[in-house]
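Only one structure is covered here, and it is reproduced in the block below.
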Amino acid sequence: MKDRLRQQIGDALQACFNNSTLHSGVVPDVQIEIPGNPDHGDFASNLAMTMARAEKKSPRQIAEALVEALDDCDFLSKVEIAGPGFINFTLAPGCWYGVLDEITVKGKDYGLSQVGKGQKIQVEFVSANPTGPLHIGHGRGAATGDAVASVLQAAGYEVQREYYINDAGNQMRTLGLSLLLRYRQVCGEQVEFPDDCYQGDYILDFAKEIQKAEGLRYLELDESEAIELLGRFGGERILAGIREDLEAFGITFDNWYSEQGLFDRDEVSAGLKVLKEKGLSYEKDGAVWFRTTDFGDDKDRVLVRSNGETTYFASDVAYHLEKFSRGFDTVIDVWGADHHGYVQRMKAVVNGLGRNPDDLQVILVQLVSLLREGEPVAMSTRSGEFVTLREVVEEVGKDACRFIFLLRRADSQLDFDLELAKRQSTDNPVYYVQYAHARVCSICRNAEEQGVQILEREALDLSSLALAEELTLAKHLARYPETVINAAQNREPHRVVYFLQELAAQFHSYYNRQRVLVDDPATTQARLYLVKGVRTVLANALNLLGVDAPERM
RNA sequence: GCGCGAUUAGCUCAGCUGGAUAGAGCGCUGCCCUCCGGAGGCAGAGGUCGCAGGUUCGAAUCCUGCAUCGCGCGCCA
């Protein structure tokens with residue numbers, strides 16, 4: 001619709017140049033926006049104002065010339081010049097109801113587009129270390145990454161979802177040590193459990209299981225061997241749990257990528273070699289450094305420590321090098337906001353490797369504060385008693401959990417009230433939206449029970465959709481595709497959430513004032529057609545967020 | 001100290017990348033049940049968009065400075 005209008009304006013502009021009403025010949029980017037105030041029509045263009053300087057005429061004069069040159073066309077019902085020089089366009093109601101046909105025809109595909117042109121994008125998210133269960137913060141990262149990926153897919157990008165497993169390095173050793181110490185305790189030894197070991201109860205539980213299954217075997221092993229074995233065992237075990245938790249959360253990855261694999265295939269050392277050959281690294285104080293300062297970082301970063309061990313950063317360099325070699329146009333990393341200091345250096349790496357730093361985009365996900373009836377839920381990381389994602393999903397359900405995680409922009413800190421999430425009332429945004437969907441379904445069931453025959457499109461008379469609220473609903477439905485595109489291009493799935501809340505509000509309001517199933521058959525048919533469009537769009541949008549659209553609740 | 005991010009209604013937050021009278025939810029006040037699910041709806045009050053400058057036809061939005069808050073600044077991961 002917008003494009004058609006843009007075309008019309010472009011033609012009018014050309015006509016003005018041709019008949020010399022306007023002189024500059026400069027064709028600016030025609031901006032069309034949707035005014036906040038409905039009195040200003042359905043669309044508005046600021047074209048006349050932006051041209052004022054080049055034309056050396058007042059915006060209103062330009063606007064008049066443009067409006068004069070505008071072809072008569074059936075889809076515009078009113079064109080006005082207003083304010084300092086806005087041109088406001090009001091569309092004929094009929095063309096808004098055309099969107100209902102589009103929705104009906106496209107069904108689940110309504111809202112999909114090809115603006116991504118098949119560009120390859122990888123979204124890497126969660127990527128929690130396999131040293132403990134996922135907690136609530138990981139959950140938000142999971143919901144965000146998955147929704148970003150979905151929204152990108154809907155916009156025509158080719159998307160891969162990847163989980164990077166940090167299964168190498170110190171943390172696995174620490175995990176092995178933690179398990180070994182707990183195991184010794186379980187076996188009756190008096191050993192101290194240091195602060196820098198993993199404190200959570202799950203470690204102790206595993207240790208008990210191991211003792212039960214394998215007896216005292218690990219006591220007899222060489223300590224370093226025991227640590228390695230237990231670290232590997234524990235890591236695999238925890239990772240399996242993470243997969244289960246994510247599955248229960250409705251998230252599946254296309255690829256699980258192991259850091260250890262990078263070492264096994266010598267890709268870390270290969271990556272280091274690439275850097276050296278490009279002159280991007282140097283030795284100092286017995287360590288190897290990356291010249292990230294050449295690309296905007298604060299200081300250079302260590303790749304290989306003086307003791308010969310590579311850093312996590314070295315793995316990440318190799319990992320991102322490898323990612324881009326897989327042919328992605330853009331790589332998106334979803335990180336906890338506490339890692340924001342890391343962004344600059346990774347972009348420096350990408351830059352140093354000869355790519356546009358914007359090819360790596362980082363979405364930072366802020367903390368989640370867990371509340372219960374407004375009171376903070378204690379989350380002591382010291383004792384390891386954090387709230388796990390699993391617990392929260394079990395308590396409030398997948399849908400509420402995912403929806404609430406996406407309620408705010410990712411970089412905005414989020415309050416998550418467990419009681420609110422469970423409440424079945426208007427305070428709870430997820431129920432509010434799902435309920436709208438269930439209500440439409442309910443209406444459709446009633447229609448069926450009453451024996452309402454659904455007519456073919458040709459037999460429908462949409463002119464009975466004459467109410468302002470009906471037009472408003474149709475207009476909102478028409479905005480869904482661009483909402484998805486905006487969400488994709490800005491990597492901001494919360495825009496879909498806001499869209500949904502508004503659509504649900506409009507629907508509830510309409511429902512409350514008007515009956516769909518009325519005595520007049522033509523009106524009933526037309527309203528059912530409208531309301532089914534609402535249902536489809538609600539379902540499509542919820543689906544993008546990984547939230548179910550229930551038929552009854 | 002340096003860097004990053006924030007600052008919008010009593011509270012939690014949007015604000016479509018520079019547009020016209022700044023929006024929503026919660027909370028508050030007052031209404032609406034012979035009605036397809038009241039698990040709802042309607043209305044009202046509530047703002048010098050942190051402060052001060054600048055850019056221009058036009059600024060919550062862009063630039064500069066300041067203030068306050070949060071986070072990050074290991075040869076950890």
Side-chain angles (χ1 to χ4, degrees), chain A residues 31 33-37 39-40 44-46 48-50 52-53 58-59 82-86 88 129 131 166 168-172 174 196 259 284-289 297-299 301-313 315-316 336-344 364 366-367 374 407-409 411-415 417 420 423-429 431-432 434-436 438-447 449-450 479 482-483 485-487 489-490 492 494-495 497-499 501-502 505 508-518 524 527-528 531 552-553:
Chain A
Q31 291 176 37
E33 62 194 23
I34 298 170
N37 185 340
D39 293 343
H40 298 146
S45 178
N46 61 358
M49 271 125 70
T50 58
R53 182 176 293 232
S58 81
F86 288 103
N88 294 337
N129 297 344
T131 55
N166 293 123
N170 278 339
Q171 59 211 343
M172 298 317 289
T174 306
D196 57 357
E259 180 187 4
K284 193 182 89 180
D285 303 334
V288 180
W289 301 69
D297 199 6
D298 294 341
K299 47 182 149 184
R301 308 291 172 175
V302 171
L303 293 160
V304 184
R305 289 183 266 165
S306 50
N307 67 4
E309 286 181 37
T310 58
T311 59
Y312 176 84
F313 179 56
S315 295
D316 249 3
D338 52 339
H339 289 74
H340 77 252
Y342 210 74
V343 175
Q344 205 177 16
L364 296 173
Q366 269 291 356
L367 291 175
L407 211 48
R408 312 251 175 269
R409 334 169 23 122
D411 59 9
S412 161
Q413 198 249 351
L414 174 72
D415 287 338
D417 194 308
L420 177 61
R423 206 171 298 155
Q424 307 200 344
S425 71
T426 173
D427 325 352
N428 182 350
Y431 276 92
Y432 186 72
Q434 286 184 318
Y435 182 47
R439 265 188 159 168
V440 181
C441 293
S442 170
I443 294 169
C444 292
R445 284 194 296 271
N446 285 330
E449 278 169 26
Q450 291 172 21
R479 294 199 63 177
E482 68 181 79
T483 301
I485 291 168
N486 283 334
Q489 289 179 336
N490 294 289
E492 290 182 345
H494 77 276
R495 294 183 189 221
V497 176
Y498 276 85
F499 173 89
Q501 289 182 289
E502 197 176 332
H508 284 308
S509 170
Y510 176 62
Y511 175 93
N512 198 252
R513 287 178 185 229
Q514 308 295 339
R515 289 182 61 92
V516 172
L517 307 177
V518 291
T524 297
R527 288 185 177 174
L528 268 175
V531 152
R552 7 177 139 240
M553 297 172 69

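Residue numbers begin at 1 in each chain, while the letters A, B, ... track the order of the sequences.
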Using the aromatic ring of Tyr435(A) (for Trp, its six-membered ring), decide whether it stacks on the base of rG40(B) within the limits of 5.5 Å and 30°.
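No, Tyr435(A) does not stack on the base of rG40(B), since the centre distance and plane angle fail the 5.5 Å and 30° test.
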
Is His40(A) stacked on the base of rA20(B), with ring centres under 5.5 Å apart and planes under 30° apart?
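So His40(A) counts as stacking on the base.
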
Using whole Å, report how far CG of Asp298(A) lies from C1' of rC4(B).
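Those two atoms, CG and C1', are 10 Å apart.
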
Counting Watson-Crick and G-U wobble pairs only, both distances under 3.5 Å, name the nucleotide matched with [N], or none.
N	result
rC69(B)	rG5(B)
rA14(B)	none
rA60(B)	none
rU48(B)	none
rG74(B)	none

Per Asn512(A) side chain, nearest of listed nucleotides rC16(B), rG40(B), rC71(B):
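My answer, after comparing the listed nucleotides, is rG40(B).
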
Hey, does the side chain of [X] come within less than 4.0 Å of [N]'s phosphate (OP1/OP2), counting only N and O?
X	N	result
Arg305(A)	rC76(B)	yes
Ser509(A)	rC42(B)	yes
Tyr432(A)	rG41(B)	yes

Using a heavy-atom cut-off of under 4.0 Å over every strand shown, decide if Ala44(A) touches base, sugar-phosphate, or nothing.
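Base contact - Ala44(A) has a heavy atom under 4.0 Å of at least one base atom.
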
Please measure how far the [atom1] atom in [N] lies from the corresponding atom in [M], and state the result in whole Å.
N	M	atom1	answer
rC62(B)	rC4(B)	P	15 Å
rG10(B)	rG46(B)	C1'	8 Å
rA60(B)	rU55(B)	P	16 Å
rG50(B)	rU12(B)	P	15 Å
rC66(B)	rC49(B)	P	22 Å
rC16(B)	rA22(B)	P	15 Å
rA14(B)	rG25(B)	C1'	10 Å

Does the Lys NZ or Arg CZ of Arg479(A) fall within the cation-pi geometry relative to Phe499(A) - under 6.0 Å from the ring centre and within 45° of the axis?
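No; the conditions do not both hold, so Arg479(A) does not lie above the ring face of Phe499(A).
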
On RNA chain B, does the nearest nucleotide to Ala82(A) precede the nearest nucleotide to Gln344(A) from the 5' side, or the other way round? Give the residue.
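Here Gln344(A) is the residue nearer the 5' end.
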
So Met553(A) and Tyr431(A), do their side chains get closer than 4.5 Å, heavy atoms only?
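Yes, side chains in contact.
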
For the residue pair Tyr432(A) and His508(A), does the interplanar ring angle fall in the parallel (under 30°), tilted (30 to 60°) or perpendicular (over 60°) class?
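Correct class here is tilted.
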
Under 3.5 Å, is there a donor-acceptor pair between the Glu259(A) and Ser315(A) side chains?
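On atom types as modelled, these side chains qualify, holding a pair under 3.5 Å.
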
